[in-house]
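The structure appears right after this line, and notes come after that.
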Amino acid sequence: MRSVATLTVALLLPLVSLAGTATAAPTQTASQTPSQTPTAAAPSTLAATPPMGWNSWNRFGCHIDENLIRQTADNLVSTGMRDAGYTYVNIDDCWMAPARDAAGKLQADPTRFPGGIKALADYVHGRGLKLGIYSSAGTATCQGLPASLDHEQADAQSFADWGVDYLKYDNCNNLGRPAQPRYQAMSDALRATGRPIVLSLCEWGENKPWEWGKQVGGNLWRTTGDIWDAWGRMTDILDQQVGLEKFSGPGAWNDPDMLEVGNGGMTDSEYRAHFALWSLLNAPLIAGNDLASMDYATKRILLNRDVIAVDQDWGGVQGHRIARTGNIEVWAKSMSDGSAAVALFNRGDTTALASTDAHALGLPATRDYAVRDLWTHEDAETSGAVRASVPAHSASVFRVWPNKGHGQTPLSTFSLQVPEFTEVGKPFTITGQLYDDGSTPLRGGQAQLQAPDGWVVDGGPVVTVPRVAAGQNWSHTWTLRPSAAAFAANSGNDVSVSASASFRTITGQQARQLDTKIVAVTLPPRGDVLLGDQPWISATNGWGPVKRNSSNGELDPGTGHTISIAGVKHEKGLGTHAFSSVRFYLGGTCTQFHAEVGVDDEAGPQGSVDFHVLGDGTELAGTGVVKSGQAATVLDAPTTGVRVLELRVNDGGNGNRDDHADWADVSVHC
Ligand code: GLA
């Protein structure tokens with residue numbers, strides 16, 4: 001991500017209540033009242049809709065005790081989460097004592113759960129909630145505590161006796177025995193107790209549990225290894241859901257793992273994308289944050305009833321990806337009331353315009369559609385297009401109802417197109433475009449560009465917006481020159497440029513929309529320049545951020561930061577991790593490139609990467625596969641005429657495990 005946060009606001013929007021209200025379509029005339037009756041046909045199956053609740057693992061790991069579970073139950077009630085549907089309070093690994101009791105039964109850890117699980121279940125039930133617990137289909141849990149393989153009947157009976165309502169059943173220490181019989185045994189044992197207990201198969205997707213999970217009695221099954229609180233991991237898991245949609249349905253769900261919303265490793269925009277996409281996937285919504293310290297933004301995400309309603313739709317048709325173009329993806333889900341939910345997902349580092357339409361969403365052709373923005377809870381009307389300016393690393397989410405849009409404000413979008421980077425003093429252009437996707441016109445107003453102080457805008461920043469006919473768009477292009485002063489003030493980093501457009505709708509409503517974009521303002525380097533100290537125009541990295549003058553390893557506890565290749569230390573350079581790309585603006589002024597590259601000594605034994613130096617997209621120099629422990633390779637290349645230099649690291653063809661890649665002493669001569 002770039003250093004300046006991008007911000008896009010589509011504003012017609014009154015401030016909205018925390019939880020929103022709405023699961024029903026926009027109110028219309030009697031003849032148009034939606035026919036949906038969301039609960040009428042709900043089946044009585046266990047986990048008829050994806051389970052919702054909370055689990056201790058993502059935030060607390062083994063640092064759990066009965067007080068935490070009790071407080072969490074209280075907080076589920078006081079925050080309104082229980083009433084929004086989060087009913088399971090799930091204790092993950094580390095609740096059990098290191099040994100079974102004399103009768104061979106599992107027992108709670110006497111220090112951390114002195115009151116025992118039964119008392120805890122009673123407490124949780126007393127608050128209108130349900131209790132979940134954890135074990136493994138192995139000889140020990142993932143944390144080495146007693147687990148349930150070959151103890152299924154005794155343990156299932158204990159769980160039932162205690163009043164447990166949900167079992168997460170893990171896969172550690174399974175002795176290599178086949179998965180299906182191990183999970184079947186617990187499923188049979190649970191059923192034999194007569195207590196309805198949701199069975200969550202945590203088999204990490206290793207043996208395609210989506211093909212047999214339902215058959216062995218699972219109500220949900222993990223489709224991947226563990227999530228962790230990072231954008232890259234969340235999107236990686238998302239990618240692994242593609243194609244699995246046909247295997248899930250009421251009572252038996254794909255589980256892309258629990259939520260990280262509110263745990264601090266992602267931005268609020270990223271958490272909005274995580275939550276919206278998990279909802280479109282009909283994922284179990286199991287919060288994994290500390291409910292005692294939830295901030296407002298986290299509550300607004302987790303308590304968004306419009307988005308929860310997408311996840312909990314009783315029809316249980318899982319959403320899936322319907323389009324992917326560059327960084328933009330469209331994910332859609334058919335809802336049981338004949339509407340469609342859609343997420344316009346932007347994986348890119350800057351705000352981007354994204355769109356789809358009613359036909360692509362599988363909706364029938366009708367005169368108009370009601371469209372609700374599920375983050376702002378604003379209703380509008382479209383003649384078919386669904387469009388938004390989507391912030392970096394985020395998802396705009398809508399629900400679209402055929403035939404219900406009449407009389408609503410037309411759906412409109414204002415979007416800026418800017419160059420990714422520009423050079424101080426050189427003119428460049430920014431185009432603002434206002435779309436009317438409704439079936440009534442937008443009446444004119446004005447548009448105004450806000451450029452940083454001292455920048456020259458040819459013809460001035462304010463222009464008149466004419467009437468925009470239904471289904472049409474209007475655009476204006478401003479020409480600007482970034483001043484040297486603005487560059488200095490921003491130390492060559494990213495500069496934020498925004499513009500707003502105001503207009504009226506046919507109903508006389510005033511509206512103003514703003515879009516903000518980031519432009520990297522650059523100066524070509526002069527003299528001998530160490531790229532570890534130079535601003536870049538973009539940087540992507542396979543693990544954490546690209547590091548200046550240190551290795552990538554800050555994220556790995558106990559390792560140093562100084563770049564080190566085969567025992568040789570380097571004070572300067574860039575620390576990356578495959579797959580990585582770092583781009584610098586040279587502006588055609590540099591003649592020579594130099595670097596010493598290799599896998600950092602902090603990497604594990606599987607580190608193997610290949611380095612590439614590209615000038616305006618053409619390879620100038622590179623290595624073959626370079627491995628952990630191998631001495632640095634010197635890369636020298638002429639760069640005459642190159643405007644953009646790219647340093648790229650791939651995974652050496654074997655996956656990117658341990659791929660800590662150093663560009664030591666990387667420099668250009670200009
Ligand atoms: C495995 C599971 C996680 C968590 C831990 C607990 O890694 O996949 O979700 O339950 O075990 O040890």
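All ligand and atom numbering here is 1-based and tracks the order in the structure. Owing to the predicted nature of the structure, the values given are computational and were not obtained by experimental measurement.
Under a 3.5 Å cut-off, the side chain of Asn207 and the backbone N or O of Pro209 do not form any donor-acceptor pair.
Cation-pi geometry between Arg127 and Tyr123 is satisfied (NZ or CZ under 6.0 Å from the ring centre, within 45° of the ring normal).
Contact residues of ligand 1 (protein heavy atom closer than 4.0 angstrom to a ligand atom; sorted by chain and number): Trp57, Asp92, Asp93, Tyr134, Cys142, Gln143, Lys168, Asp170, Cys202, Trp204, Arg222, Asp226.
With no hydrogens or angles considered, no side-chain donor-acceptor pair links Thr223 and Asn254 at under 3.5 Å.
Other residues, nucleotides and ligands contribute over 12 non-hydrogen atoms within 6.0 Å of the CD atom of Gln184.
Summarising the geometry, atom CE belonging to Met81 is positioned 10.5 Å from atom OG1 belonging to Thr87; distances are rounded to the nearest 0.5 Å.
His274 and Tyr271 have tilted rings, their planes meeting at an angle from 30° to 60° on a 0 to 90° scale.
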